[in-house]
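Below is one structure, written out as structure tokens, with a few remarks after it.
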There are 2 protein chains.
Amino acid sequence: MAGKTGGIMADDLRIFLRLWAGDRKFGPGKVELLERIGQEGSISAAGRAMGMSYKRAWGLVEEMNAMFATPLVESLRGGPGGGGARLTETGAEAARQFRLLEARLAEAGAAPLAVLAALMSGNMSGGK
Amino acid sequence: MAGKTGGIMADDLRIFLRLWAGDRKFGPGKVELLERIGQEGSISAAGRAMGMSYKRAWGLVEEMNAMFATPLVESLRGGPGGGGARLTETGAEAARQFRLLEARLAEAGAAPLAVLAALMSGNMSGGK
DNA sequence: GGGCGTTATGTTCAGGCAAACATATCACCG
DNA sequence: CGGTGATATGTTTGCCTGAACATAACGCCC
């Protein structure tokens, strides 16, 4: 996959896909966090794995939960291991659909993306 | 088309497409600036139309010129009207290809985008 | 019941980035 | 030849975000 910031890659040209709903953003960072929460079962572990503080990770989770009709992450305070978090069905679906969107873009946009990459690298084949 | 910030729109869900080449970014803002420079024939006029200072507009132009193999904007200091700027062939092509990329995404990504919009608005039709 | 790990939240501080302000240069034009 | 409008660039200021630090609540487990 792409670099630490996520995204689709073609040559050294990366595409960033970000969804806006009002002032709320939903992009590759939040999606990766979602996926890691699903794997790790913990917000703090997911945040650590991505090199961010728990506070920041939790803030992102709160934002996501607020921008969707149904929470994407369910969390539990106290309990075995001190607590934990897991993806809801909506959370898993949101991440899945975002990745699908990225995949669709990668295939449908390959041609114009290649032209742009060529314009940047100076290696233009198709001309105008 | 989308609001003042640009992007593709579906319901109140907007898609932002941004290209990264190293630390240089190329997104809807720069593309709109390019297009307006092409129309207005002036960096300052284009910047004014987008509500940004000349300095900022010029800085964006400089970035763009630096990230492509060939400059996207040619500028002239002094002369009739005090000077001006115009798009190079590369500049026009870059803007065109970016818009094409957006269009391809809009059609190819309609389905996952609709699902995400439904998950946000609470109006889910296709179920799980 | 005390320790532990996690969720949950407030507060403070510093760095970065954009806005505002300020100049300098250039070439036409009256 | 001075005024004008646009390019080109430097400097400063203010805000906003993220980082760091701090604390509380909670429920298992030993």
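Labels below follow one simple rule: chain letters A, B, ... track the order of the sequence lines, proteins then strands, and each chain is numbered from 1.
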To the nearest Å, how far apart are [X] [atom1] and [N] [atom2]?
{"X": "A:R56", "N": "D:dA22", "atom1": "CZ", "atom2": "P", "answer": "21 Å"}
{"X": "B:Y54", "N": "D:dG10", "atom1": "OH", "atom2": "P", "answer": "13 Å"}
{"X": "B:E62", "N": "D:dT7", "atom1": "CD", "atom2": "P", "answer": "14 Å"}
{"X": "B:M52", "N": "C:dC17", "atom1": "CE", "atom2": "P", "answer": "17 Å"}
{"X": "B:K55", "N": "D:dG10", "atom1": "NZ", "atom2": "C1'", "answer": "6 Å"}

- Output, in order, the C-alpha distance, side-chain angles, deciding distance and verdict of side chain to side chain contact (heavy atoms under 4.5 Å, CB included) for A:T88 and A:V73. CA-CA 6 Å; A:T88 63; A:V73 174; 6.0 Å; no

- Task: Have a look at A:S53 and say if it touches a base, only the backbone sugar-phosphate, or nothing, with a 4.0 Å heavy-atom cut-off.
- Result: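 Since no nucleic acid heavy atom lies under 4.0 Å of A:S53, the category is nothing.
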
- Answer with base, sugar-phosphate or nothing: what part of the nucleic acid does A:S42 contact at a heavy-atom distance below 4.0 Å?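 A:S42: backbone/sugar contact only, no base atoms under 4.0 Å.
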
- Task: State which residues pass ring-ring contact (aromatic ring centres under 6.0 Å, His included) with B:F98; sequence neighbours excluded, sorted by chain then number.
- Result: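 Checked B:F98 against ring-ring contact (aromatic ring centres under 6.0 Å, His included); matches are B:F26.
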
- Item | Per-nucleotide protein contact string for nucleotides 23-30 of chain C, where B marks a base within reach and S marks sugar-phosphate only (heavy atoms under 4.0 Å, - for neither) | --BBSS--

Residues in salt bridge (Lys or Arg N to Asp or Glu O under 4.0 Å) with [X], at least two apart?
{"X": "A:R104", "answer": "none"}
{"X": "A:R18", "answer": "none"}
{"X": "B:R86", "answer": "B:E74"}

- Message: With salt bridge (charged side-chain N to carboxylate O under 4.0 Å, His left out) as the rule and sequence neighbours excluded, what pairs involving residues 39-63 of chain A come up?
- Response: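 The answer is A:K30-A:E63.
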
